[in-house]
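Read the structure below first, then the notes.
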Amino acid sequence: MAILLTGGAGYIGSHCYYELLQLNKELLVFDNLSTGFRDSLPESAIFIEGDVGDEEALDGVFKKYEIEAVIHFAGSLIVEESVSHPEKYYLNNVRNTLSLLNVCKSNDVNNIIFSSTASVYGSNPKQIMDETDPYSPENPYATSKMMVEYLLKDYSRAYGLNYVILRYFNVAGADPELRTGQKNKDATHLIKIGLEVATGKRDSISIFGTDYPTDDGTCIRDYIHITDLAAAHLKSLDYLLGNNNVKEAFNCGYGQGYSVRQVLATIEKVIGKKLNINEADRRPGDPVALIADSSKIKKMLNWKPKYNNIETIIKTAMDWERKL
Ligand code: UDP
């Protein structure tokens with residue numbers, strides 16, 4: 001039996017690919033390479049280039065292989081772009097997932113893990129979110145992920161789909177063995193950009209907004225190491241395949257928030273030099289603070305993070321950035 005990874009050549013998908021190798025199951029990667037890279041995966045990977053919106057191509061894959069579960073990573077994920085080009089998000093994230101769910105349904109594949117986001121919670125005054133907190137998306141990216149969460153719930157009720165929703169907080173860092181890492185062409189994420197400045201690939205970094213209602217005026221996020229996130233997928237898959245009637249959402253974060261200034265100060269500490277930092281206006285669509293209450297995944301799936309240290313996250317990301 002095979003596991004299908006849509007978007008498996010991307011940053012998160014490729015780390016999960018390596019983590020799932022230990023299952024000794026057939027792993028299929030389906031990716032349109034819009035933001036992923038074939039060489040983020042080993043030569044031996046079964047790689048199919050295609051778009052999730054192409055139902056015919058996808059159906060061909062389901063007919064050719066005996067798929068028991070899908071991990072759906074493919075999608076668009078840049079908050080600011082979603083504000084300026086919402087149609088891309090409703091198309092890639094919502095419509096294409098609908099296509100995928102229909103292909104799953106017509107091929108009797110009933111198990112799916114979905115890459116969702118902490119930003120479905122939006123700016124909740126509580127700041128530390130648990131899975132029962134209400135949806136309050138503040139940008140089309142978050143809204144598109146929330147809509148897919150509703151799709152999964154409705155397909156579950158109507159057709160018995162089993163699903164695990166993983167709400168990612170801020171994913172960063174790289175595989176400690178450096179088999180893969182983050183290599184997007186036009187990075188928008190804080191740690192990645194900070195390290196591009198550190199390695200001389202960019203001149204400076206801007207802090208987007210210094211007047212937020214936080215101690216130092218900058219936004220707070222819960223940064224999770226990519227390898228711990230990959231382990232959460234392995235645990236989720238095990239749970240999904242070992243139980244009936246699975247309908248769960250889990251937060252993936254550490255429960256510890258860092259402000260933009262704190263992250264940049266940690267980068268400076270790790271690299272041992274000052275970054276060229278300037279202050280800029282707020283970026284549209286950014287919630288003030290997103291911190292995970294991750295007690296549910298720890299309790300239900302026995303998920304034990306190994307890299308929950310912001311310096312370790314930055315160090316592994318730096319090792320990767322130097323290798324690029
Ligand atoms: N950020 C920043 N400068 C940058 C990139 C990001 O100040 O060059 C801020 C951003 O406004 C947000 C936080 O860092 O408050 C995390 O943003 P990122 O894009 O890394 O992740 P997101 O939370 O949007 O998924």
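One-based numbering, in listed order, for ligands and for the atoms of each.
- One side chain, Y155 or N102, offers a donor N or O that lies under 3.5 Å from an acceptor on the other.
- Summary of contacts: the protein heavy atom closest to atom 5 (C) of ligand 1 is T188 O, 3.4 Å.
- Close approach to I205 involves these atoms of ligand 1, each under 4.0 Å from a residue heavy atom: 8 (O).
- Considering each of T210, D286, V288, V263, the one bringing a non-hydrogen atom nearest atom 11 (O) of ligand 1 is D286.
- Side-chain contact, N251 with S294: no donor N or O sits under 3.5 Å from an acceptor N or O.
- Contact annotation for R282 and ligand 1: no heavy atom of the residue comes within less than 4.0 Å of the ligand.
- Geometrically, R282 engages Y212 in a cation-pi contact defined by less than 6.0 Å to the ring centre and at most 45° from the axis.
- For ligand 1, the atoms sitting less than 4.0 Å from at least one non-hydrogen atom of N170 are 16 (C), 21 (O), 22 (P), 23 (O), 25 (O), numbered in the order shown with element in parentheses.
- Residues satisfying the ring pair (Phe, Tyr, Trp, His ring centres under 6.0 Å) criterion with F73, sequence neighbours excluded, are H233.
- Close approach of ligand 1 to I193 is summarised as follows: ligand atoms under 4.0 Å from at least one heavy atom of the residue are 8 (O).
- In this model, a donor atom of one side chain and an acceptor atom of the other lie less than 3.5 Å apart for S144 and N93.
- Applying side-chain hydrogen bond (donor to acceptor under 3.5 Å, both in side chains) to S259 and the options D216, D215, T214 leaves one that passes, D216.
- The distance from ligand 1 to the heavy atoms of I207 drops below 4.0 Å at these ligand atoms: 7 (O).
- Proximity of Y168 to L77: side-chain heavy atoms (C-beta onward) are nowhere separated by under 4.5 Å.
- Atom 20 (O) of ligand 1 has its closest protein heavy atom at L190 N, 2.8 Å.
- When the heavy-atom distances from atom 13 (C) of ligand 1 to V260, I191, V197 are ranked, the shortest goes to V260.
- N162 places a side-chain N or O within donor-acceptor distance of the main-chain N or O of N245, the cut-off being under 3.5 Å.
- For the pair K183 and F37, the distance from NZ or CZ to the six-membered ring centre is under 6.0 Å and the angle to the ring normal is within 45 degrees.
- Closest protein heavy atom to atom 19 (O) of ligand 1: R283 NH2, 3.0 Å.
- Ranking protein heavy atoms by distance to atom 23 (O) of ligand 1, first place goes to R221 NE, 2.8 Å.
- Taking each of Y212, Y223, F208 in turn, the one with a heavy atom nearest to atom 8 (O) of ligand 1 proves to be F208.
- Neither L240 nor L28 shares a network with the other; the hydrophobic side chains, linked directly or stepwise wherever heavy atoms of I, L, V, M, F, W or Y lie under 4.5 Å apart, form separate groups for each.
- Counting heavy atoms under 4.0 Å from ligand 1, residue H189 touches it through both backbone and side chain.
- Ligand 1 places these atoms under 4.0 Å from at least one heavy atom of S206: 2 (C), 3 (N), 4 (C), 7 (O), 8 (O).
- At a heavy-atom distance under 4.0 Å, no atom of T117 approaches ligand 1.
- Residue C219 approaches ligand 1 through these ligand atoms, each under 4.0 Å from one of its heavy atoms: 15 (O).
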